[in-house]
Amino acid sequence: MHVLHVVGARPNFMKVAPVMRALAGRLGIGQTLVHTGQHYDINMSDVFFRQLEIPAPNENLQVGSSSHAQQTAQTMSRFEPIVLTHQPDLVLVYGDVNSTVATALVCAKLGIRVGHVEAGLRSFDRTMPEEINRLLTDQLADLLFTPSADGDANLLREGIAAEKIHLVGNVMIDTLVHLLPAVERSDVSKRLGLKRKGYGLVTLHRPSNVDEPATLLQLMGALAQIAADLPLIFPVHPRTRQKLAALSFPMDDPRLQCVDPLSYLDFLALQCDATVVITDSGGVQEETTYLRVPCLTVRENTERPVTVTLGTNTLVGHDMDRLRLETQSILRGAIRQSHIPPLWDGKAGERIADVITSWSNR
Ligand code: UD1
């Protein structure tokens with residue numbers, strides 16, 4: 001049995017690592033890794049391969065950045081000959097980025113079976129490019145691996161056959177559990193002059209937050225006010241950096257430290273010791289829930305509702321007063337009870353390998 005994995009962007013890398021590791025332990029399974037090259041900077045890609053111990057990709061399609069249509073089309077046309085050459089029995093795609101839907105569509109048209117890892121998540125907000133990618137990828141997939149029970153309910157409602165759906169838990173948490181002991185190797189707090197539980201951590205890159213200058217400036221204004229009470233560290237995504245540079249925004253406030261994107265271990269170390277995390281990322285909502293660190297999500301909705309119902313996540317929307325008030329209340333120690341969602345236990349990759357092994361023996 002030959003499994004071909006496709007990754008393209010930063011959040012895919014944490015998801016492929018545990019699945020490849022689990023499959024490597026099964027007899028008779030060969031694996032190929034294709035990187036579409038959607039993300040290509042060293043600190044957005046290479047450093048993750050190194051720290052997560054992902055084998056070097058067998059193929060890199062080098063699609064790079066462009067408009068959605070161009071990026072998707074280029075991924076499709078470059079992936080088609082590669083997948084035809086490798087002739088896999090199953091292609092595994094991850095998450096909800098453009099590389100995910102593009103390669104799933106190529107496979108579906110060629111009659112090659114597709115498995116979707118992190119299936120079923122829905123924000124019910126079709127202005128998000130990721131929501132379109134999720135909806136389409138799930139319609140194309142033959143095996144759907146969900147991280148939480150809400151994913152199963154969403155898929156069933158959309159008419160996906162129950163026998164295709166497998167509730168396996170959260171692969172992103174597999175990587176976190178695997179690497180948590182290594183966090184002690186990180187000297188990031190020392191480098192950045194941060195004290196344990198004495199800072200807030202910020203990430204922002206959603207088009208809805210950063211593409212519109214007025215929205216981005218409001219957000220930066222709110223962060224500067226919060227930073228007066230709590231120093232903030234902000235690893236800036238390349239998309240956000242470009243937008244701030246275009247506005248000539250000064251990134252020199254010592255209490256709102258803007259730095260380049262961090263490696264997996266450095267970012268995990270900072271999450272562990274933060275007083276609060278302010279974010280619009282999907283994965284960070286999950287990681288903070290696992291680590292029991294309060295998370296304020298600057299979005300109107302989330303495709304990861306268990307992080308709100310069980311975890312530490314609060315949606316503050318685009319209400320900057322609410323963002324400030326929620327931060328103040330965390331600083332006063334008002335932290336609500338939370339739980340780690342079922343099957344977020346570090347073993348999702350093994351459960352995926354179990355399903356694939358019995359599927360291949362059918
Ligand atoms: C993509 C995903 C998003 C995910 C995010 C994580 C889609 C639709 N979006 O968004 O779901 O949360 O990755 O990071 O697939 N750039 C660089 N270097 C890089 C990569 C990008 O400088 O290595 C810059 C480019 O100018 C590019 C911009 O960042 O135009 C945005 O990159 P892109 O891959 O289009 O989308 P992301 O915003 O990263």
Side-chain angles (χ1 to χ4, degrees), residues 6-16 34-50 52 57 60-76 78-79 93-105 116-119 121-123 125-138 171-172 175 202-212 215-216 234-247 258-264 267 277 279-287 295 297-299 301-304 307:
V6 180
V7 292
R10 184 170 62 178
N12 292 158
F13 308 141
M14 298 71 145
K15 294 167 195 163
V16 77
V34 175
H35 190 332
T36 67
Q38 179 175 342
H39 283 176
Y40 44 85
D41 286 351
I42 289 176
N43 59 11
M44 295 294 284
S45 179
D46 299 24
V47 70
F48 290 85
F49 274 72
R50 225 176 23 252
L52 307 182
N60 191 322
L61 310 182
Q62 297 189 325
V63 298
S65 307
S66 44
S67 71
H68 282 271
Q70 283 175 11
Q71 195 176 54
T72 307
Q74 214 161 75
T75 306
M76 289 181 70
R78 293 188 188 180
F79 182 65
V93 298
Y94 294 81
D96 56 14
V97 301
N98 286 345
S99 303
T100 312
V101 67
T103 52
L105 183 52
H116 184 202
V117 178
E118 201 185 78
L121 299 186
R122 296 290 179 269
S123 66
D125 173 1
R126 291 202 187 191
T127 65
M128 284 183 82
E130 294 80 4
E131 183 73 356
I132 310 288
N133 296 345
R134 292 180 202 114
L135 280 160
L136 297 181
T137 305
D138 285 340
V171 284
M172 192 105 171
T175 291
V202 179
T203 80
L204 296 168
H205 74 283
R206 293 275 158 222
S208 59
N209 281 328
V210 306
D211 282 7
E212 182 59 45
T215 310
L216 180 57
F234 182 5
V236 185
H237 187 283
R239 178 186 201 98
T240 312
R241 187 170 286 278
Q242 269 175 23
K243 303 291 173 188
L244 288 170
L247 295 167
C258 293
V259 296
D260 284 339
L262 294 168
S263 71
Y264 182 80
F267 191 75
V277 177
T279 193
D280 59 10
S281 147
V284 173
Q285 296 172 51
E286 300 179 336
E287 289 167 346
C295 177
T297 297
V298 189
R299 285 176 48 188
N301 48 55
T302 179
E303 61 288 337
R304 291 157 161 95
T307 61

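Every number for a ligand or one of its atoms is a count from 1 in the order of the listing.
For the residue pair Ser66 / Gln74, no side-chain donor-acceptor distance below 3.5 Å is found, with atom types taken as modelled. Of the N and O atoms on the side chains of Ser65 and Tyr40, at least one donor lies less than 3.5 Å from an acceptor on the other residue.
Of the polar atoms of Arg239, at least one N or O is found under 3.5 Å from an N or O of ligand 1, judged by distance alone. Polar contact with ligand 1: absent for His68 (N/O pair, distance under 3.5 Å). Considering backbone and side-chain N/O atoms, Ser66 never comes within less than 3.5 Å of an N/O atom of ligand 1.
Residue, atom and distance of the protein heavy atom nearest to atom 22 (O) of ligand 1 are Pro238 CB, 3.2 Å. For atom 3 (C) of ligand 1, the nearest non-hydrogen atom of the protein is Glu130 OE2, 3.1 Å.
Scored by the side-chain hydrogen bond (donor to acceptor under 3.5 Å, both in side chains) test, Asn12 finds no partners at all (sequence neighbours excluded). Remark: Asp260 pairs with Arg241 by the side-chain hydrogen bond (donor to acceptor under 3.5 Å, both in side chains) rule, at least two apart or across chains.
Less than 6.0 angstrom separates the ring centroid of His35 from the ring centroid of Phe49.
Distances shorter than 4.0 angstrom do not occur between any heavy atom of Arg241 and any atom of ligand 1.
For ligand 1, the atoms closer than 4.0 angstrom to any heavy atom of Gln242 are 25 (C), 26 (O). With ligand atoms numbered from 1 in the order given, ligand 1 contributes 6 (C) to contacts under 4.0 Å with heavy atoms of Pro11.
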